[in-house]
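Structure record follows, encoded as C-alpha cells.
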Amino acid sequence: MKKEYRRGLKLMGNHFELTVVDDNELKANAHIDAAIAEIQRIERLLTTFNEDSQTNLINRHAGIRPVKVDREIYEIIERSLRISRLTDGYFDISYGSIDKGLWNFDRSMLCLPDAETVERNLNLVNYNNIVLDDEAGTVFLTKQGMRIGFGGIGKGYAAEMGKRLLQQRGVDSGVVNASGDLTVWGNQANGKPWTIGIANPERAVLPFSYMNITDTAIATSGNYEKFVMIDGKKYSHTINPKTGMPISGIKSVTIICPNAEIADALATPVSIMGVQNGIELINQIQQVECIIIDDENHIYSSHKINFK
C-alpha cells in the first residue's frame with residue numbers, strides 16, 4: 001500500500017521538506033537521499049558563502065575579466081536576465097551590493113543606512129551590467145564591486161531540480177517544499193490532490209486559505225518572516241533594487257504557476273511593483289496567477305483566481 005514519506009532538514013540556509021509517495025520505505029528514503037544530494041549540489045554551485053563557488057568567482061572578478069562557468073550556472077543567469085527584462089528590473093540578481101552590506105535583518109540592526117551609502121552601493125546594481133558570452137560560456141560584471149546573488153531564484157530552482165530528479169527516479173507523486181517555495185506533482189497516497197496552505201501574513205503558521213493542487217508550483221514572498229523594527233516602523237527584508245530601500249504597503253505575494261523557479265523569481269518583483277502594477281504584469285503572463293495581501297489586509301488576485 002502506498003504511503004507518504006517525509007523528511008525535513010536545513011538546506012541552502014532554509015528549512016526544506018521533501019515528501020514522496022511510495023509503497024516501500026527503503027526505496028522512498030533512497031529517493032529522498034538522492035534529492036537532498038541534488039539540492040546540496042545546487043547549493044554549492046550558487047552559494048556566496050563559499051569562497052570557491054563559481055558565484056564568488058564571478059563576483060571577485062567584477063570589473064576585471066569575464067569568468068568561464070558551468071553551463072548550468074550560465075543558463076540560470078541567462079534566465080534571470082530574462083526575468084529582469086520582463087519585470088522592468090524589479091528582479092535583479094546584481095542586488096548583492098545592497099543586500100547584506102546595507103541591510104541585516106536581525107536584532108543587531110538599530111538604524112537605517114545613510115542615504116549617501118545607499119546611493120553609492122545602488123550604482124552597482126544594474127542587470128544590464130551583467131554581460132554574457134554564449135560562445136565562450138563566460139559571465140562578466142562590468143563594474144568593480146558588483147555582486148550577484150541567487151536569493152530571489154535559487155530556492156525555486158533547487159525545488160524544481162529536486163522534483164526533476166525524483167521524477168527521473170520514477171517517483172510519480174511528491175512535494176519539494178523549499179521554505180514555502182514548493183512544487184507538487186501527482187496525488188497524495190489517498191489519490192486526492194495535494195492540499196497546500198497559503199500563508200497568512202499575520203500568523204504564518206495559520207494559512208488564510210487552502211488550495212487543492214497537482215503539477216503546480218507556489219512561492220510566497222512576505223514581510224512576516226524577516227523584518228526589522230526601527231523607531232517603531234516595520235521594514236521588510238524585501239529591498240527595491242531601484243531605490244536600495246525596503247518596500248512597504250504589501251504584506252505578502254503568492255505566485256502560482258507550473259514551475260517553482262519562475263514562481264520564486266516573480267514573487268519578489270511583484271511585491272516591489274505594488275498591487276496594481278504587479279497584477280497587471282501577472283495578468284499578461286500565461287499560466288501564472290497571483291494573490292496579494294496589502295498592509296491593510298485587503299486581498300487582491302489575478303483574473304483567474306476566485307475566492308469562495
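Residue numbers count from 1 along this sequence.
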Provide the closest heavy-atom pair for [X] versus [Y] in the form atom of the first, atom of the second, distance.
{"X": "Asp92", "Y": "Tyr127", "result": "OD2-N, 3.0 Å"}
{"X": "Ser173", "Y": "Gly186", "result": "OG-CA, 3.5 Å"}
{"X": "Pro241", "Y": "Val125", "result": "O-CG1, 3.7 Å"}
{"X": "Val21", "Y": "Gln188", "result": "CG2-C, 4.4 Å"}
{"X": "Asn259", "Y": "Glu261", "result": "OD1-N, 2.9 Å"}
{"X": "Trp185", "Y": "Val171", "result": "NE1-O, 3.0 Å"}

Original post:
Can you list the steps and then say if Ile293 with Ile250 is a side chain to side chain contact (heavy atoms under 4.5 Å, CB included)?
Top reply: CA-CA 6 Å; Ile293 304 176; Ile250 287 181; over 6 Å; no

Under 3.5 Å, which donor-acceptor pairs do the side chains of residues 153-161 form with other protein atoms, sequence neighbours left out?
from, atom 1, to, atom 2, distance (Å)
Tyr157, OH, Glu72, OE2, 2.4
Glu160, OE1, Ala260, N, 2.7
Glu160, OE2, Lys163, NZ, 3.1

Does any N or O in the side chain of [X] come within less than 3.5 Å of the main-chain N or O of [Y], such that one atom is a donor and the other an acceptor?
{"X": "Asn129", "Y": "Thr142", "result": "no"}
{"X": "Ser271", "Y": "Thr268", "result": "yes"}
{"X": "Asn56", "Y": "Thr48", "result": "yes"}
{"X": "Asp295", "Y": "Gly249", "result": "yes"}
{"X": "Thr47", "Y": "Phe49", "result": "yes"}

Run the side chain to side chain contact (heavy atoms under 4.5 Å, CB included) test against [X] and tell me which residues pass, sequence neighbours left out.
{"X": "Ile279", "value": "Val275, Asn283, Cys290, Ile292, Tyr300"}
{"X": "Thr243", "value": "Asn240, Met245"}
{"X": "Arg82", "value": "Glu78, Arg79, Arg85"}
{"X": "Asn187", "value": "Pro193, Thr214"}

If the condition is salt bridge (Lys or Arg N to Asp or Glu O under 4.0 Å), which residues does [X] pass it with, not counting sequence neighbours?
{"X": "Asp52", "result": "none"}
{"X": "Arg169", "result": "none"}
{"X": "Lys242", "result": "Asp88"}

Nearest-0.5 Å distance, [atom1] of residue [X] to [atom2] of residue [Y]:
{"X": "Ile73", "Y": "Ser53", "atom1": "CD1", "atom2": "OG", "value": "7.0 Å"}
{"X": "Thr55", "Y": "Ile148", "atom1": "OG1", "atom2": "CD1", "value": "5.5 Å"}
{"X": "Leu266", "Y": "Cys257", "atom1": "CG", "atom2": "SG", "value": "6.5 Å"}
{"X": "Tyr74", "Y": "Gln54", "atom1": "OH", "atom2": "CD", "value": "13.5 Å"}
{"X": "Met146", "Y": "Tyr95", "atom1": "CE", "atom2": "OH", "value": "12.5 Å"}
{"X": "Leu141", "Y": "Ser94", "atom1": "CG", "atom2": "OG", "value": "8.0 Å"}

**OP:** Keeping to residues at least two apart or across chains, list the salt bridge (Lys or Arg N to Asp or Glu O under 4.0 Å) pairs with something in residues 127-148.
**Re:** Arg71-Asp134

Original post:
Which residue pairs pass the salt bridge (Lys or Arg N to Asp or Glu O under 4.0 Å) test with at least one member in residues 269-294, sequence neighbours excluded?
Top reply: none

Just wondering, do [Y] and [X] contact through their side chains at under 4.5 Å, heavy atoms?
{"X": "Leu281", "Y": "Thr87", "result": "yes"}
{"X": "Ser80", "Y": "Phe91", "result": "yes"}
{"X": "Trp194", "Y": "Val175", "result": "yes"}
{"X": "Thr220", "Y": "Val253", "result": "no"}
{"X": "Ile282", "Y": "Ile255", "result": "yes"}
{"X": "Leu132", "Y": "Ile77", "result": "yes"}
{"X": "Val67", "Y": "Thr138", "result": "no"}
{"X": "Leu18", "Y": "Ile36", "result": "yes"}

Subject >> Hydrophobic cluster (4.5 angstrom, side-chain heavy atoms) - remaining members for Val131 >> reply: Phe140

Original post:
So, Lys251 versus Asn297: side-chain donor-acceptor pair below 3.5 Å or not?
Top reply: yes

Subject >> Donor + acceptor pair across side chains of Asn128, Asn126 (<3.5 Å) >> reply: yes

Original post:
Same cluster or not: are Leu165 and Ile32 linked, directly or through other Ile, Leu, Val, Met, Phe, Trp or Tyr residues, by side-chain heavy atoms under 4.5 angstrom apart?
Top reply: no

**OP:** For Arg164, look at atom CZ and say whether over 12 heavy atoms of other residues, nucleotides or ligands are found less than 6.0 Å away.
**Re:** no

**OP:** Take Phe16 and Leu182 through the test side chain to side chain contact (heavy atoms under 4.5 Å, CB included) and record every step on the way to the result.
**Re:** CA-CA 9 Å; Phe16 275 61; Leu182 58 88; over 6 Å; no

Original post:
Does a side-chain N-to-carboxylate-O contact under 4.0 Å join Glu25 and Lys3?
Top reply: no

Under 3.5 Å, which donor-acceptor pairs do the side chains of residues 5-12 form with other protein atoms, sequence neighbours left out?
from, atom 1, to, atom 2, distance (Å)
Arg6, NE, Thr19, OG1, 3.4
Arg6, NH2, Glu4, OE1, 3.2
Arg7, NH1, Asp33, OD1, 2.7
Arg7, NH2, Asn29, O, 3.4
Arg7, NH2, Asn29, OD1, 3.2
Arg7, NH2, Asp33, OD1, 3.2

